[in-house]
Visitor: 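There's a structure below that I have some questions on.
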Amino acid sequence: MTETVITRFAPSPTGFLHIGGARTALFNWLYARHTGGTMLLRIEDTDRERSTDAAIDAILDGLRWLGITWEGEPVFQFARAARHREVAEGLVAAGRAYYCYATPEELNEMREQARAEGRPPRYDGRWRDRDPSEARPGVKPVIRIKSPLDGETAVDDQVQGHVVFPNKDLDDFVILRSDGTPTYMLSVVVDDHDMDITHIIRGDDHLTNAARQTVLYNALGWRVPVMSHIPLIHGPDGAKLSKRHGALGVDAYRAMGYLPAAMRNYLVRLGWSHGDKDIMSTEEMTEWFDLAGIGRSPSRFDFAKLENLNGHYLRATPDDELFEIFLATLPYLEGGPALVERLDARLKGQIREALPGLKERAKTLNELLDNASYLWAERPLPLDDKASALLDDDARRTLSGLFAVLKAAEPWSVETTEAAVRTFAEANGLKLGKAAQPLRAALTGRTTSPGIFDVLAVLGREESLARIADQTA
Ligand code: GLU
């Protein structure tokens with residue numbers, strides 16, 4: 001029988017859920033789902049100064065928005081400090097770790113000397129075989145692990161391969177501070193073990209930590225989980241991801257009007273591939289996701305790609321579903337809160353009716369909202385520059401004629417208004433566009449919009465005629 005896979009996402013709540021963290025969470029989630037296993041969530045809140053409740057909320061909120069779920073309640077690392085300490089003391093009792101009474105001055109000296117000799121700073125092991133009775137009174141000890149003195153420690157990584165670290169580079173690192181609190185290295189190992197984690201998938205900035213953690217696993221006689229260290233995300237120019245490139249919290253992506261499904265699709269392709277498939281549903285990525293498909297070189301974040309993908313998802317999402325998402329996202333969008341305030345049943349109905357036309361022309365929900373704004377614009381409509389240039393005397397005379405024929409349309413619908421406009425255009429020797437463009441400018445204040453007959457139908461007779469009349473000569 002094969003063992004059930006248990007993965008975890010282990011963010012430190014010192015900031016928002018950034019794009020790299022979201023991708024790590026997604027990979028863990030997909031791998032767990034792909035294998036029929038589970039993903040757990042661990043909040044690594046041991047840095048008491050920098051961990052905040054607001055950051056925890058932002059992380060949970062970001063995961064929920066992305067549709068990434070975890071099993072059970074999140075585990076809070078700080079609450080497990082007593083267990084971490086117990087493990088550290090157990091290692092001392094077993095002779096695998098020891099109390100170190102080196103003073104800050106001594107440690108400083110070691111660092112200075114290493115620097116003078118051009119070596120990386122390493123603890124020299126001076127308390128490794130010394131008895132605590134030799135300690136000066138009053139010095140509170142730390143606990144250090146006894147790292148192997150020679151040979152090497154290997155990390156068998158599913159992405160990075162067999163990575164070897166000479167043990168002389170892994171000194172006797174601290175696992176319990178003098179105030180009795182565990183270090184990150186210890187907490188992670190103990191928690192992963194206690195949570196029965198079988199697979200660790202995280203950023204490759206943790207690869208060196210993986211070697212130290214392996215030393216700890218070995219000292220404890222615990223099995224090392226299967227490790228996968230994924231290359232970090234870079235900007236489009238290959239440099240480290242900066243804010244300008246998209247190193248933002250996922251909440252910023254919600255506010256820019258990206259759909260969760262598009263984000264999942266975009267993120268999964270950042271560092272993982274399945275043949276040449278670019279667009280895949282969440283079901284498909286779940287079915288296909290594997291560790292072997294994770295690449296070894298850094299992926300590049302590309303806003304233009306994300307936009308295109310999002311446009312695809314806007315068009316592909318069924319209208320009712322998209323409308324729900326739009327309403328739920330509204331408070332976060334630019335100009336959304338103002339719209340929420342005036343959103344009555346009539347306007348809601350109009351937006352829903354206009355949605356099929358709107359979604360064809362937008363790449364983000366923000367754009368969609370902006371393109372829909374003609375629906376609630378106040379008369380007389382402000383015209384943008386192009387619309388105002390378009391409405392010259394000729395165009396305004398055309399509008400007067402159109403006003404008369406449209407007024408007679410009965411009942412008011414896409415079909416009747418279209419028939420009226422076409423008949424008018426033919427009778428006056430105008431191309432349809434020559435009639436439609438002034439109409440568009442008068443009805444929306446712009447020169448681009450969804451289909452003009454849809455616009456007429458959604459706005460209704462009264463409002464349409466009034467907007468036309470506002471612009472007639
Ligand atoms: N808390 C660490 C971080 O946010 C992750 C630790 C791990 O995945 O082992 O970088």
Side-chain angles (χ1 to χ4, degrees), residues 5-32 37-63 66 68 70-71 74-81 84 87 155-160 163 165 173 175 181-217 220 222-233 240-241 247-250 267 271 291 294 298:
V5 165
I6 305 181
T7 65
R8 75 342 185 242
F9 177 51
S12 305
T14 53
F16 43 41
L17 176 62
H18 58 87
I19 206 73
R23 181 192 58 164
T24 300
L26 179 69
F27 280 18
N28 277 286
W29 182 69
L30 286 174
Y31 190 65
T38 48
M39 181 181 99
L40 306 179
L41 179 63
R42 181 169 73 233
I43 304 291
E44 303 208 316
D45 54 350
T46 46
D47 183 339
R48 302 312 286 166
E49 309 241 295
R50 292 173 61 225
S51 298
T52 65
D53 286 345
I56 296 174
D57 290 344
I59 290 168
L60 300 186
D61 181 50
L63 290 173
L66 278 171
I68 296 175
W70 57 93
E71 187 77 14
V75 171
F76 287 87
Q77 188 162 60
F78 178 68
R80 296 179 34 81
H84 303 149
V87 171
V155 176
D156 269 310
D157 196 272
Q158 300 304 299
V159 177
Q160 311 287 338
V163 189
F165 297 83
F173 54 91
I175 57 174
T181 60
T183 59
Y184 161 73
M185 219 57 78
L186 176 70
S187 317
V188 168
V189 168
V190 175
D191 289 352
D192 282 337
H193 173 262
D194 289 359
M195 290 162 77
D196 294 322
I197 301 302
T198 61
H199 291 70
I200 292 176
I201 305 171
R202 61 186 174 193
D204 68 6
D205 48 335
H206 286 286
L207 188 60
T208 319
N209 289 338
R212 295 206 163 85
Q213 288 161 12
T214 301
V215 167
L216 264 175
Y217 277 106
L220 286 158
W222 293 344
R223 190 177 56 167
V224 184
V226 178
M227 305 254 190
S228 304
H229 287 89
I230 53 183
L232 300 184
I233 303 171
K240 199 172 170 285
L241 198 66
L248 306 164
V250 293
L267 288 175
L291 301 175
I294 300 176

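Start at 1 and go down the list; that is how both ligands and their atoms are numbered.
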Visitor: Is the closest basic N to carboxylate O distance between Asp191 and Arg8 below 4.0 Å?
Guide: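 No salt bridge links Asp191 with Arg8.
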Visitor: Which protein residues come within less than 4.0 angstrom of ligand 1, counting heavy atoms only?
Guide: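 Within the 4.0 Å shell of ligand 1, which is judged on heavy atoms, sit Arg8, Ala10, Pro11, Ser12, Glu44, Tyr184, Val188, Arg202, His206.
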Visitor: Might you point out which heavy atoms bring Ser51 and Asp45 nearest each other, and give the distance in Å?
Guide: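 Heavy atoms of Ser51 and Asp45 come nearest at OG-CA, 3.5 Å.
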Visitor: As a quick check of understanding, evaluate side chain to side chain contact (heavy atoms under 4.5 Å, CB included) for Val163 and Leu207, giving each step before the final call.
Guide: CA-CA 9 Å; Val163 189; Leu207 188 60; 4.3 Å; yes
Visitor: State whether the number of non-hydrogen atoms from other residues, nucleotides or ligands found under 6.0 Å of Arg48 atom CZ is greater than 12.
Guide: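 Counting neighbours around CZ of Arg48, more than 12 heavy atoms of other residues, nucleotides or ligands fall under 6.0 Å, so yes.
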Visitor: Does the plane of the ring in His193 sit parallel, tilted or perpendicular to the ring in Trp222? Use 30° and 60° as the thresholds.
Guide: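 It falls in the parallel class, under 30°.
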Visitor: Going by ring pair (Phe, Tyr, Trp, His ring centres under 6.0 Å), name the residues that satisfy it together with Tyr31, two or more places apart in sequence or in a different chain.
Guide: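 Tyr31 satisfies ring pair (Phe, Tyr, Trp, His ring centres under 6.0 Å) with His199 once adjacent residues are dropped.
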